[in-house]
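All figures in this text were calculated on a predicted structure; none of them were measured in a lab.
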Amino acid sequence: MSNLDQDHWFVILASLNEKQRIICSLPVNVEGLVLESKINYIGLNGSATYSCFFDNVFIPDKWIISEEADEFIPKVRPILALYQIPLGIGVSQAAIESIVKSHKKNIEVNQHLKPQPTDLINKLQIVRDRTYEYARNVDLRSIGKEILLTRLNIAKLTPEVVHAEMLYSGGQAYIQGGDTFRRLRESYFLVNLSPTIMQLETLW
């Protein structure tokens, strides 16, 4: 679980039996919950990420969001997936801007590299336009499949763009702590952020 602090709450999915799952929220400081800090992720070290261990944690009724999680999840999944798409758009846009600068500096060589900046710009624009269109829709559940597909597309496009940036930037891309290297790590965060690519390939 990421982005946790001592006064934070977070949401969990729990099985009551083989047929029923619930969704509930609980505070980080609840009795019986042990947090183990995870500091070795390549792209998550700045996001207060923890493994959570539950030992006889009591959940009162007032913390329960839904007693029928499998009916509730399809309602909120399109919303969660939609707000994640701009993460990839932002990283991809920054990488493309870097590619364009590098391309102009050594155009004689870079014109032979693939993909070219215009190809990436066009792909990203398609995702951006679709995202804005979805955001204007008042019933996101009705376009849930389309949102999940676009979320999958950006999860695949962002690593493609940042990998291209590594190629265009050359040796300076491999400096630890540099912007290009940071974006490479951020792209893997998007790939593994729930819903992951594996989950999205199944869902949509």
What distance do [X] atom [atom1] and [Y] atom [atom2] have between them, rounded to the nearest 0.5 Å?
{"X": "Thr150", "Y": "Arg128", "atom1": "OG1", "atom2": "CZ", "value": "13.5 Å"}
{"X": "Leu149", "Y": "Ile143", "atom1": "CG", "atom2": "CD1", "value": "12.0 Å"}
{"X": "Leu4", "Y": "Cys52", "atom1": "CG", "atom2": "SG", "value": "5.5 Å"}
{"X": "Met198", "Y": "Ser194", "atom1": "CE", "atom2": "OG", "value": "10.5 Å"}
{"X": "Asn137", "Y": "Glu146", "atom1": "CG", "atom2": "CD", "value": "9.0 Å"}
{"X": "Cys24", "Y": "Trp63", "atom1": "SG", "atom2": "CH2", "value": "9.0 Å"}

Just so I know, are the side chains of [X] and [Y] near enough to count as touching, which here means a heavy-atom distance under 4.5 Å?
{"X": "Pro78", "Y": "Tyr134", "value": "no"}
{"X": "Pro195", "Y": "Gln84", "value": "yes"}
{"X": "Gln199", "Y": "Thr196", "value": "yes"}
{"X": "Val127", "Y": "Thr131", "value": "yes"}
{"X": "Leu124", "Y": "Ile96", "value": "yes"}
{"X": "Leu167", "Y": "His163", "value": "yes"}
{"X": "Tyr174", "Y": "Thr180", "value": "no"}
{"X": "Asn122", "Y": "Gln125", "value": "no"}

I'd like to know if [Y] and [X] are part of one continuous hydrophobic network [Ile/Leu/Val/Met/Phe/Trp/Tyr, side-chain heavy atoms within less than 4.5 Å].
{"X": "Ile79", "Y": "Ile85", "value": "yes"}
{"X": "Ile147", "Y": "Phe72", "value": "no"}
{"X": "Val76", "Y": "Ile65", "value": "yes"}
{"X": "Leu157", "Y": "Val100", "value": "yes"}
{"X": "Leu26", "Y": "Val34", "value": "no"}

**Prompt:** Ion pair present between Glu201 and Lys156, side-chain N to carboxylate O less than 4.0 angstrom?
**Reply:**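 Yes.
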
**Prompt:** Charged N to carboxylate O under 4.0 angstrom, Arg182 versus Glu186?
**Reply:**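 The answer is yes: the pair qualifies as a salt bridge.
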
Heavy-atom closest pair, residues [X] and [Y]:
{"X": "Val162", "Y": "Ala95", "answer": "CG1-CB, 4.0 Å"}
{"X": "Glu108", "Y": "His112", "answer": "O-CD2, 3.3 Å"}
{"X": "Gly88", "Y": "Leu190", "answer": "CA-CD2, 3.5 Å"}
{"X": "Val28", "Y": "Gln6", "answer": "CB-O, 4.3 Å"}
{"X": "Leu82", "Y": "Leu140", "answer": "CD2-CD1, 3.9 Å"}
{"X": "Phe181", "Y": "Ala173", "answer": "CB-O, 3.6 Å"}

**Request:** Evaluate the criterion side chain to side chain contact (heavy atoms under 4.5 Å, CB included) for residue pair Leu16 and Arg21; output intermediate values, then yes/no.
**Result:** CA-CA 6 Å; Leu16 297 184; Arg21 300 191 297 173; over 6 Å; no

**Request:** Starting from the C-alpha separation in whole Å, work towards a yes-or-no answer on side chain to side chain contact (heavy atoms under 4.5 Å, CB included) for Arg130 and Asn153.
**Result:** CA-CA 11 Å; Arg130 287 176 180 169; Asn153 288 340; 3.8 Å; yes

**Asked** So does Asn56 have more than 12 non-hydrogen atoms from other groups sitting under 6.0 Å from CG?
**Response**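 Open.
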
**Exceeds 12 heavy-atom contacts within 6.0 angstrom, atom NE2 of His103** =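 Yes - once you tally the heavy atoms of other residues, nucleotides and ligands closer than 6.0 Å, there are more than 12.
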
Would you confirm whether [X], through its side chain, and [Y], through its main-chain N or O, come within 3.5 Å as a donor-acceptor pair?
{"X": "Gln93", "Y": "Gly90", "result": "no"}
{"X": "Ser169", "Y": "Gln172", "result": "no"}
{"X": "Ser66", "Y": "Glu68", "result": "yes"}
{"X": "His8", "Y": "Asp5", "result": "yes"}
{"X": "Gln20", "Y": "Glu67", "result": "yes"}
{"X": "Lys145", "Y": "Leu203", "result": "yes"}

**Request:** Measure the acute angle between the ring planes of Phe10 and Phe54, then classify it against the limits of 30° and 60° as parallel, tilted or perpendicular.
**Result:**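 Ring orientation of Phe10 relative to Phe54: tilted.
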
**Item:** For Glu165, the option from Ser187, Ser102, Ser98, Ser92 that meets side-chain hydrogen bond (donor to acceptor under 3.5 Å, both in side chains)
**Value:**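 Option passing the side-chain hydrogen bond (donor to acceptor under 3.5 Å, both in side chains) with Glu165: Ser98.
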
**Request:** Begin from the C-alpha positions of Leu120 and Glu160 and carry the test side chain to side chain contact (heavy atoms under 4.5 Å, CB included) through to its verdict.
**Result:** CA-CA 9 Å; Leu120 299 173; Glu160 178 187 357; 3.9 Å; yes

**Request:** Check the pair Glu31 / Phe58 against side chain to side chain contact (heavy atoms under 4.5 Å, CB included), numbers first and verdict last.
**Result:** CA-CA 8 Å; Glu31 183 177 355; Phe58 175 71; over 6 Å; no

**Passing candidate, side chain to side chain contact (heavy atoms under 4.5 Å, CB included) with Ile23, options Ile12, Ile64, Ile73** = Ile73

